[in-house]
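We use all heavy atoms of the structure for the numbers below, so side chains are in, but hydrogens, waters and symmetry mates are not. So that the names make sense, note that chain A is the first sequence line, chain B the second, and so on, each numbered from 1.
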Amino acid sequence: MKEIVAIALNTFKEAIRNRILYFILVFAVILILLSGVLSELTYTDRGKIILSFGFTAINVFAAAIAVFVGVSLVYNELEKRTIYTIVSKPIGRWQFLLGKYFGLLLTVWVNIIIMTLVFLVMIHYYIGMAATDHGGWFTVVGKAIGRAAVTFVWWPAFKETAVIMPVILVTMLEMMMVTAFAVLFSSFSTPVLSMMFTVMLFVAGRLNEDITRFCVTLYDRALAAALEKHTSIDAQLSPAYHFADWAAHITPNLGAFHKVVEQAVFEQKVTLWPWSIAYGFLYTIAVLALAIMIFQRRNFK
Amino acid sequence: MAVIETQGLSKVYVRDVIDTEYGRLRIRLTGRKTVALDNLNLDVNKGEIFGLLGPNGAGKTTTIKILMGIHFASSGTAKIMGKPLGDRAVKSRIGFLPENPYFYDYLKGWEFLDFYGQLYGIDKRKRRAKVEELLALVGLTHAANIPLRGYSKGMNQRIGLAQALMNDPDIVFLDEPQSGLDPLGRKEVRDLILGLRKQGKTVFFSSHILSDAEMICDRVAILFKGKLRSVGRLSELLSSSVTEWEIVLRDVDERFINRWRDRLERVVESEGEWWLISKSQDLTDAIIDAATRDGGKLSALTPRRQSLEDYFISEVKGS
Amino acid sequence: MSERWWTFLAAAVLFAATITPAVMLQDEQIYRFKVTQSQFRDTLYLPNSEYVKAVTIGYDQFTAHFLWLRMIQSFAAGWTRPENAEQMMRYLEVITDLDPHFTEVYRLAMMAVGEKAKRWDLLDRIGEKYFIQNPGRFLVPYEAAYNAFWLENKPTLAKFYTNVALYDPNAPEYIRRQMTYFSMREGSFRVAYEYSLRNYLEAISATSNMGDGRRVDETTKNLFRQNLFRAADGWIRAIIEPVVRKYHEEHGTWPDIDQLDREGKFAGNELPDFGMVFALTEGIRNNQVQKPTREQIDQIVDASIKKCDRLPPSPFAFLKQSMPGYVVWPDSTIPRTASNVADPKNKFELIVSRGEALIEMNRIFGFIMGEAESYRAENKGKMPQSFADFAPQFAKQHDPFGGEYQWDPKTGRPHATGLPDFNPKMVPKLLW
């Protein structure tokens with residue numbers, strides 16, 4: 001355990017001393033602040049637009065950090081042969097991989113938290129400015145920072161932002177899975193390929209529900225054809241159906257989490273199927289186990 | 001007592017079917033197998049400096065990688081301190097410096113050593129003391145707070161040595177510890193290794209620079225194309241007797257030289273001096289006698305012993 | 001000069017030579033763009049939602065909101081122009097496909113495609129989409145019902161939308177109330193009557209509010225009463241009209257409704273017992289009858305409809321003495337003559353007199369309370385203990401229903417024993 005923590009902290013150090021992280025973070029903060037500005041374009045439902053844009057920015061950039069920082073972390077160790085000295089130390093390879101994973105996860109989560117704080121301050125700033133006697137922008141910003149801090153500690157403190165922290169927790173859960181994939185691919189493939197794989201899986205995961213819907217459409221079509229021709233459904237099911245069905249089962253269902261975010265935006269409440277949390281953890285553990293299986297057996301360059 | 005023993009250790013590399021070479025995608029179906037190490041049997045005794053020698057690509061690094069658990073052997077077994085490879089207890093008693101090491105360049109010198117100390121599970125106070133001690137040992141105290149990306153190649157090598165000694169190991173594995181160092185650096189590393197032996201530690205190192213090895217090794221093994229050529233004490237491998245005499249003569253004419261030319265190994269004329277290489281004592285005596293009689297002068301007479309390099313070359317040529 | 005300098009100089013010359021025309025060409029492009037009228041369709045091209053969905057990689061809601069911002073900027077004031085409806089509809093379809101819960105989009109569609117462009121086909125499509133995607137949300141169906149009724153003139157569709165809206169447990173009361181209008185326009189007078197009676201009873205017994213917590217005010221109560229009268233009147237006329245027409249076809253002349261009624265031509269129909277209803281509601285409204293609960297309101301609504309042998313009195317007779325008969329609305333093709341607007345009220349004297357008695361009694365109550373106020377003004381706010389204190393003439397006088405007037409010093413209100421306190425068990429007995 002001590003060894004995992006040591007490697008995780010070292011990985012975190014490596015990530016936060018990486019310039020790419022700050023580029024991503026700056027872009028994220030710009031987009032989050034932009035969500036407030038963009039929301040002025042709408043004549044109604046301003047709160048929804050802010051929430052939707054902010055959540056998307058946090059989600060996209062958290063995923064970007066997981067992918068861009070994550071895929072090169074393990075690979076760099078192999079490429080630069082720093083792994084040689086690590087492996088010769090009295091720790092298991094699995095400990096090394098888990099340490100890398102937790103270090104990356106820590107990086108992603110810390111960044112999510114930073115982005116969330118910016119987001120909260122911005123929302124409270126807009127709420128403050130909406131009041132008629134706000135007492136100048138300096139006061140408003142000061143109050144907003146205070147309120148954001150309070151919301152961060154006790155999320156239902158303010159009605160307008162009560163929904164944010166639960167959504168952020170769900171995003172963290174989602175990123176847990178994405179990070180596991182980044183580590184998995186990084187453990188046996190080059191950064192460019194890992195990035196492609198991870199991004200593809202992330203996309204497929206988010207489209208998982210659409211794939212399922214596509215499956216249902218194809219099944220309905222087959223059912224109609226079967227009824228018409230008096231044959232079994234199996235005979236009418238196209239290869240596309242089987243492929244889509246297979247794809248829907250094999251890809252991670254990240255849609256389960258983004259649905260929560262969408263609901264939070266349009267209903268101002270969060271209801272997560274409790275088993276989704278278990279699902280997130282189980283999937284992550286499975287992916288990490290697979291990564292360890294590969295890593296344990298491989299020769300390093 | 002053998003602290004490192006290998007039995008029939010072999011390694012065959014199988015290249016990927018799809019590979020990138022010079023940035024191009026390549027599909028390779030034939031010639032995918034490379035034998036890097038073939039049936040290696042070695043014993044390294046406690047407290048000795050053991051040199052694993054051979055030209056580039058001989059399998060030295062492969063051997064060390066297998067011993068360190070970076071690669072897995074295709075066949076054969078190896079034991080360190082009587083335990084199979086990968087044993088945690090053993091790993092905590094060895095140190096390793098890889099070839100051309102590259103370390104976490106975002107870490108400062110002391111952070112780097114501290115991190116490795118954590119991996120060994122050394123507690124904080126001891127770790128701090130040990131880091132300072134090692135930095136002083138390798139002469140990097142002034143660079144403790146500089147990130148590793150600011151280190152020169154020599155400094156990198158030295159901090160690498162420091163991390164290998166972090167746990168006060170019983171066996172130290174050094175892969176090409178002197179490559180890329182200037183003569184002064186090489187001497188420092190050499191002194192360090194000798195110091196380790198003085199402390200009773202076993203040093204297992206690989207090198208292709210024979211002169212360095214010759215100076216410090218107790219025993220050497222010579223690898224060539226994955227096969228073990230020979231192994232043994234330097235004194236055993238190299239015959240201690242003189243094998244050649246180098247005679248430098250002046251004021252002798254060519255006629256005189258031609259009389260002996262057939263029996264001599266080599267004859268070279270340079271600036272009025274004749275350089276002769278003779279293989280036997282009698283011949284040398286006879287030449288010197290005759291030359292003095294003819295009025296020539298003996299400028300120099302150098303008896304030559306066999307060097308590791310000579311032995312190495314003769315071994316490699318013989319294969 | 002060295003080669004290094006020559007290369008630098010050549011590159012600098014090349015840069016200077018190319019950048020100037022490039023910037024000039026760009027200026028020209030901008031100019032051309034400015035002078036040509038930009039086409040609406042060109043600037044707003046959007047592929048089908050399936051393709052949009054494929055590239056959003058799950059950020060559907062975000063994309064929807066982004067397109068929403070884009071759309072309202074592009075259309076700006078142009079959304080009121082009917083010719084933009086199709087183009088706008090395309091955007092609306094894509095946005096609602098991406099985020100089916102984005103209520104504001106549907107509301108804009110209601111206004112732009114429905115109210116402004118009068119494209120009912122498109123409107124129904126987007127309305128239907130909303131109900132399927134957002135069951136149990138009242139706002140959009142409510143607005144759809146409004147559009148369907150007032151703009152499209154489809155009361156049945158409006159009723160359907162209202163029923164959809166009523167699935168929302170949080171739907172305000174006024175959504176249910178508007179069913180009265182829709183049913184009446186649709187011709188379902190019985191439904192309209194039941195709705196309006198319930199609305200009126202709830203309003204005057206304060207089991208209902210305006211939907212935002214406000215109590216129903218007097219103006220609204222009168223409006224509900226008006227609706228009740230119209231519904232009952234419409235229902236009775238709906239019974240009368242076919243019989244009158246049949247008579248006209250057979251005899252060629254318009255009949256006397258009173259005569260037909262006497263002949264029993266309207267017998268056996270279920271009709272509202274309006275005299276009773278009026279008496280009861282007025283009693284409740286003036287605090288003379290106990291306010292019914294919701295369950296009792298249901299019972300009253302059921303009990304007020306009964307099979308009758310003769311036509312009930314015209315509701316409007318209770319309101320306006322100048323218009324005693326059934327109101328024949330302008331949309332009726334039956335000629336408006338004295339005989340067919342006449343109310344056969346002489347047959348239902350008792351009920352009519354009850355109604356009149358109620359009105360009379362209200363007047364008397366008003367008078368009594370006025371007297372009480374003046375008594376209090378004289379006696380430093382002291383409440384009179386009995387009629388003898390301030391209005392002795394009422395102590396022995398009978399009320400119009402044969403009972404006695406009473407004074408309650410605790411509440412400061414008069415009562416009449418002749419109109420008994422409301423009791424649901426009494427309802428059938430009260431009906432004539």
Side-chain angles (χ1 to χ4, degrees), chain A residues 1-22 69 72-100 103 107 188-194 196 294-301, chain B residues 11 13-14 16 20 36 61-62 64-74 80 85-108 111-112 114-123 127 147-149 160 163-164 166-167 169 171-173 175:
Chain A
M1 199 59 217
K2 248 194 227 161
E3 297 87 348
I4 297 180
V5 172
I7 290 172
L9 289 178
N10 185 41
T11 307
F12 179 66
K13 247 183 224 169
E14 176 175 3
I16 60 167
R17 290 178 190 182
N18 191 345
R19 230 166 285 151
I20 190 163
L21 184 74
Y22 294 98
V69 180
S72 55
L73 275 183
V74 178
Y75 183 81
N76 270 353
E77 298 256 354
L78 305 185
E79 183 63 27
K80 297 179 176 175
R81 299 180 191 170
T82 44
I83 184 88
Y84 286 8
T85 43
I86 301 283
V87 166
S88 69
K89 299 291 175 278
I91 65 160
R93 289 180 176 199
W94 63 273
Q95 282 173 316
F96 169 76
L97 204 66
L98 285 186
K100 279 275 148 191
T107 313
F188 68 87
S189 154
T190 62
V192 176
L193 282 179
S194 312
M196 273 164 55
I294 294 169
F295 205 65
Q296 204 73 19
R297 293 292 310 149
R298 74 172 289 194
N299 293 314
F300 302 124
K301 201 173 80 175
Chain B
K11 179 71 189 174
Y13 287 113
V14 181
D16 294 339
T20 46
T61 301
T62 302
I64 290 185
K65 278 179 179 175
I66 291 171
L67 290 175
M68 288 297 101
I70 296 163
H71 283 181
F72 298 107
S74 308
I80 300 179
L85 296 179
D87 190 279
R88 288 273 182 95
V90 170
K91 273 186 172 181
S92 65
R93 286 165 64 196
I94 61 177
F96 171 51
L97 169 69
E99 184 184 4
N100 297 327
Y102 171 93
F103 300 113
Y104 303 103
D105 60 6
Y106 51 89
L107 291 177
K108 293 169 186 166
E111 274 181 334
F112 171 76
D114 191 64
F115 169 58
Y116 280 96
Q118 284 177 48
L119 294 187
Y120 280 117
I122 303 170
D123 66 60
R127 217 156 62 209
L148 257 55
R149 67 166 68 92
Q163 70 67 35
M166 194 68 210
N167 58 334
I171 310 175
V172 185
F173 290 84
D175 195 2

Where do A:Lys13 and B:Glu111 land on the side chain to side chain contact (heavy atoms under 4.5 Å, CB included) test, with the steps shown first? CA-CA 11 Å; A:Lys13 247 183 224 169; B:Glu111 274 181 334; 3.8 Å; yes
Examine whether an atom of A:Ile7 lies under 4.5 Å from a heavy atom of chain B, and if so say whether it belongs to the side chain, the backbone or both; otherwise answer neither. both
Let me know if B:Leu107 has heavy atoms under 4.5 Å from chain A in its side chain, its backbone, both or neither.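 Both parts, heavy atoms under 4.5 Å.
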How long is the span from the [atom1] atom in [X] to the [atom2] atom in [Y], to the nearest 0.5 Å?
{"X": "B:Ile70", "Y": "A:Ser88", "atom1": "CD1", "atom2": "OG", "value": "6.5 Å"}
{"X": "A:Tyr84", "Y": "B:Ile64", "atom1": "OH", "atom2": "CD1", "value": "11.5 Å"}
{"X": "A:Lys89", "Y": "B:Met68", "atom1": "NZ", "atom2": "CE", "value": "9.0 Å"}
{"X": "B:Lys65", "Y": "A:Arg81", "atom1": "NZ", "atom2": "CZ", "value": "6.0 Å"}
{"X": "A:Gln95", "Y": "B:Leu119", "atom1": "CD", "atom2": "CG", "value": "9.5 Å"}

Correct closest heavy-atom pair for B:Gln118 and A:Ala6 would be OE1-CB, 3.1 Å
With a 4.5 Å heavy-atom cut-off, do A:Ile86 and B:Tyr116 have their side chains touching?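 Touching, per the 4.5 Å side-chain cut-off.
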Can you find a pair of side-chain heavy atoms, one from B:Tyr104 and one from A:Lys80, that are under 4.5 Å apart? no
Under a 3.5 Å distance rule, please check whether B:Lys91 uses its side chain to pair with a backbone N or O of A:Gly92 as donor and acceptor.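 Looks like no, no N/O pair under 3.5 Å.
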Pick whichever of B:Tyr13, B:Phe72, B:Phe96 has the most heavy-atom pairs under 4.5 Å with chain A.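 So the answer, after comparing B:Tyr13, B:Phe72, B:Phe96, is B:Phe72.
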Find the one option among B:Glu99, B:Arg93, B:Gln163, B:Met166 whose heavy-atom pairs under 4.5 Å with chain A are most numerous.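 Highest number of pairs under 4.5 Å: B:Gln163.
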Please determine whether side chain to side chain contact (heavy atoms under 4.5 Å, CB included) holds for the pair B:Tyr106 and A:Asn10, giving the CA-CA distance in whole Å, both sets of side-chain angles, and the decisive distance to 0.1 Å. CA-CA 10 Å; B:Tyr106 51 89; A:Asn10 185 41; 3.5 Å; yes
